[in-house]
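Every chain is numbered from 1 and lettered A, B, ... according to where its sequence line falls, protein lines coming before strand lines. We use all heavy atoms of the structure for the numbers below, so side chains are in, but hydrogens, waters and symmetry mates are not. Since we're looking at a predicted model, the values are computed, not measured.
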Protein chains: 2
Amino acid sequence: MAHSTVPTPTRPTTSDSIAQALSVAIHEHKIAPGTKLGEDELAEIYGVSRTVVRAALQTLAHMKLVDIRRNRGASVASPSIKEAHEVFEARELLEPRTARSAAKYATSSDIALLERHISDEHAALDAADPGRALYLSGLFHTEIARIAQQATIAGFIDTLIARSSLIIALYWRRESALCEKHAHHALVQALAKKDEQQAEELMRSHLVDLHSALDLRERNGRTQSLKDALSQ
Amino acid sequence: MAHSTVPTPTRPTTSDSIAQALSVAIHEHKIAPGTKLGEDELAEIYGVSRTVVRAALQTLAHMKLVDIRRNRGASVASPSIKEAHEVFEARELLEPRTARSAAKYATSSDIALLERHISDEHAALDAADPGRALYLSGLFHTEIARIAQQATIAGFIDTLIARSSLIIALYWRRESALCEKHAHHALVQALAKKDEQQAEELMRSHLVDLHSALDLRERNGRTQSLKDALSQ
DNA sequence: CAAACAGGCATTGTATACAACTTTGTGTCC
DNA sequence: GGACACAAAGTTGTATACAATGCCTGTTTG
């Protein structure tokens with residue numbers, strides 16, 4: 001789970017570790033939406049048989065990170081505009097409540113962990129590695145869900161964040177560059193103060209900001225599906 | 001997807017249809033929590049190879065319907081008391097909002113479909129098939145999520161309802177026999193009237209009723225884990 | 001007699017082989 | 001010259017074979 005992403009040369013790789021590696025690579029925008037994920041290709045990369053690769057791909061398909069079509073194989077999912085709205089609406093429903101819960105349960109070590117996440121994120125941004133920054137930004141939300149001690153909802157949020165990464169890859173508009181910066185920091189402060197109301201409200205506005213920073217207008221001339229066709 | 005549940009004699013069975021058949025069987029309480037699901041056993045039942053069965057089991061594991069432990073095989077999940085609380089808390093967070101949305105979008109044919117679901121459910125109860133009634137009751141909630149036109153959240157609700165079926169199998173207390181009866185009917189009326197507020201409130205109270213109809217106190221002497229040990 | 005170890009048995013994890021389907025390229029016919 | 005048809009290549013779906021792990025039982029020893 002360190003820096004190694006796609007290669008992961010030799011290990012007692014179970015299918016889950018391959019799924020994890022692919023997931024991180026997608027999170028970091030090292031693999032673009034629509035990219036074909038051939039079974040033989042992955043099997044050779046990871047030094048395992050197609051059996052294991054198929055299991056990993058199935059796991060990712062369940063999170064909606066990859067699309068598997070019968071006899072057509074797997075490719076990185078490219079969420080539609082409707083799906084993008086749905087994902088962020090779901091996040092706006094789940095995460096504010098989760099942030100409130102996190103404010104109730106957060107310990108001082110949790111706060112410290114979150115602050116390290118933020119500084120890692122900034123470091124990645126300074127290192128001109130926006131993909132990694134995005135991945136860490138997602139981990140921040142995942143971590144809050146974990147702190148809230150609702151494993152079930154945390155699982156849902158995990159998949160929503162994963163899909164958000166794909167959505168951002170497809171629909172992010174550069175104009176809204178400095179989107180959050182200190183939004184996460186303010187949230188951590190609310191958690192540290194155990195201010196449930198503020199944590200909930202900060203999370204809600206943070207997500208609304210993210211949602212509105214996407215360009216989710218239908219492209220003229222179906223540029224979208226053309227792009228998909230090209231990337232396949 | 002008709003009445004046939006476990007056997008499903010011969011068909012171009014893909015792994016998904018096997019997962020579906022097992023899912024229905026679990027929903028209908030034909031397979032108890034903790035039951036071992038051997039790969040060879042299922043492969044013979046459905047007339048396919050273990051490869052296909054494994055894929056189906058993996059799908060069910062993603063929904064938390066079965067537990068897969070490495071080198072130990074798969075068995076029907078038996079949610080802990082903590083998980084039971086989490087599942088119903090998640091439902092109480094998601095479904096009222098979904099019911100509100102459903103009230104907005106419900107068409108007359110949707111209403112008719114829901115009413116048929118209710119009468120089917122009552123018919124199953126009259127036929128002394130409480131398992132099937134429970135399955136249909138779950139379908140009712142699934143259907144509302146579909147009507148709400150939020151596929152993402154609907155997917156979450158599907159897995160929550162599936163897990164609820166396991167929770168009810170484990171923790172239902174007979175005392176609270178006539179739990180709902182007309183709760184679903186009242187909900188449909190609110191949807192038909194497009195009364196969003198009432199639909200949301202009815203769903204919330206319905207779920208609170210369900211939640212409180214469970215016996216989620218810790219058993220004395222760990223009866224729970226003993227039962228698990230026996231059923232394995 | 002109880003506890004612990006060892007061996008056999010059963011089941012799962014992984015790899016490979018084969019079958020089926022999709023796709024792509026070529027050829028022929030209109 | 002274009003369109004349809006067929007064939008070949010490559011990829012996925014499924015089955016089977018083998019390896020590895022865990023479980024159970026029978027024996028042995030303190």
Partner residues of A:Arg54 under the side chain to side chain donor-acceptor pair (under 3.5 Å) criterion, sequence neighbours left out = A:Glu39

Which angle, rounded to 10°, do you find between the first-five-pair axis and the last-five-pair axis of the helix from C:dC1-D:dG30 to C:dC30-D:dG1?
-> 10°

B:His29 side chain to B:Ser165 backbone, donor-acceptor under 3.5 Å | yes

Rounded distance in Å - OH (B:Tyr46) to P (D:dT14) | 16 Å

Please list, for nucleotides 5-12 of chain C, all pairs of protein and nucleotide N/O atoms separated by less than 3.5 Å.
{"from": "C:dT12", "atom 1": "OP2", "to": "B:Glu39", "atom 2": "N", "distance (Å)": "3.4"}

Please list, chain by chain and in numerical order, all residues satisfying salt bridge (charged side-chain N to carboxylate O under 4.0 Å, His left out) with A:Glu89, sequence neighbours excluded.
-> none

Starting from C1' on D:dT12, measure out to CD on A:Glu41 and report it in whole angstrom.
-> 14 Å

Validation row, ring centre B:His117 to ring centre B:His184 under 6.0 Å = no

Using whole Å, report how far CD of A:Glu44 lies from P of C:dT14.
-> 19 Å

A:Leu42 CG to C:dT14 P, straight-line distance once rounded to whole Å = 16 Å

Who passes side chain to side chain donor-acceptor pair (under 3.5 Å) against A:His85, sequence neighbours left out?
-> A:His211

Can you list the residues that meet the salt bridge (charged side-chain N to carboxylate O under 4.0 Å, His left out) rule with A:Arg146, with sequence neighbours excluded?
-> A:Asp110, A:Glu143

Side-chain atoms of residues 150-159 of chain A: list all donor-acceptor pairs with protein atoms under 3.5 Å, sequence neighbours left out, distances to 0.1 Å.
{"from": "A:Thr152", "atom 1": "OG1", "to": "B:Glu86", "atom 2": "OE1", "distance (Å)": "2.9"}
{"from": "A:Asp158", "atom 1": "OD1", "to": "A:Thr142", "atom 2": "OG1", "distance (Å)": "3.1"}
{"from": "A:Thr159", "atom 1": "OG1", "to": "A:Phe156", "atom 2": "O", "distance (Å)": "3.0"}

Could I get the full list of side chain to side chain donor-acceptor pair (under 3.5 Å) partners for B:Glu95, not counting sequence neighbours?
-> B:Arg91, B:His141

Starting at CG of B:Asp16 and ending at C1' of D:dT14, how long is that distance when rounded to a whole Å?
-> 15 Å

Presence of B:Ser49 side-chain N/O under 4.0 Å of D:dA15 phosphate oxygens OP1/OP2 = yes

Identify, with sequence neighbours excluded, every residue that meets salt bridge (charged side-chain N to carboxylate O under 4.0 Å, His left out) alongside A:Glu92.
-> none

Integer-rounded Å distance: D:dT12 P and A:Asp67 CG = 14 Å

For A:Ile68 and D:dT12, what is the distance between atoms CD1 and C1' respectively, to the nearest whole Å?
-> 11 Å

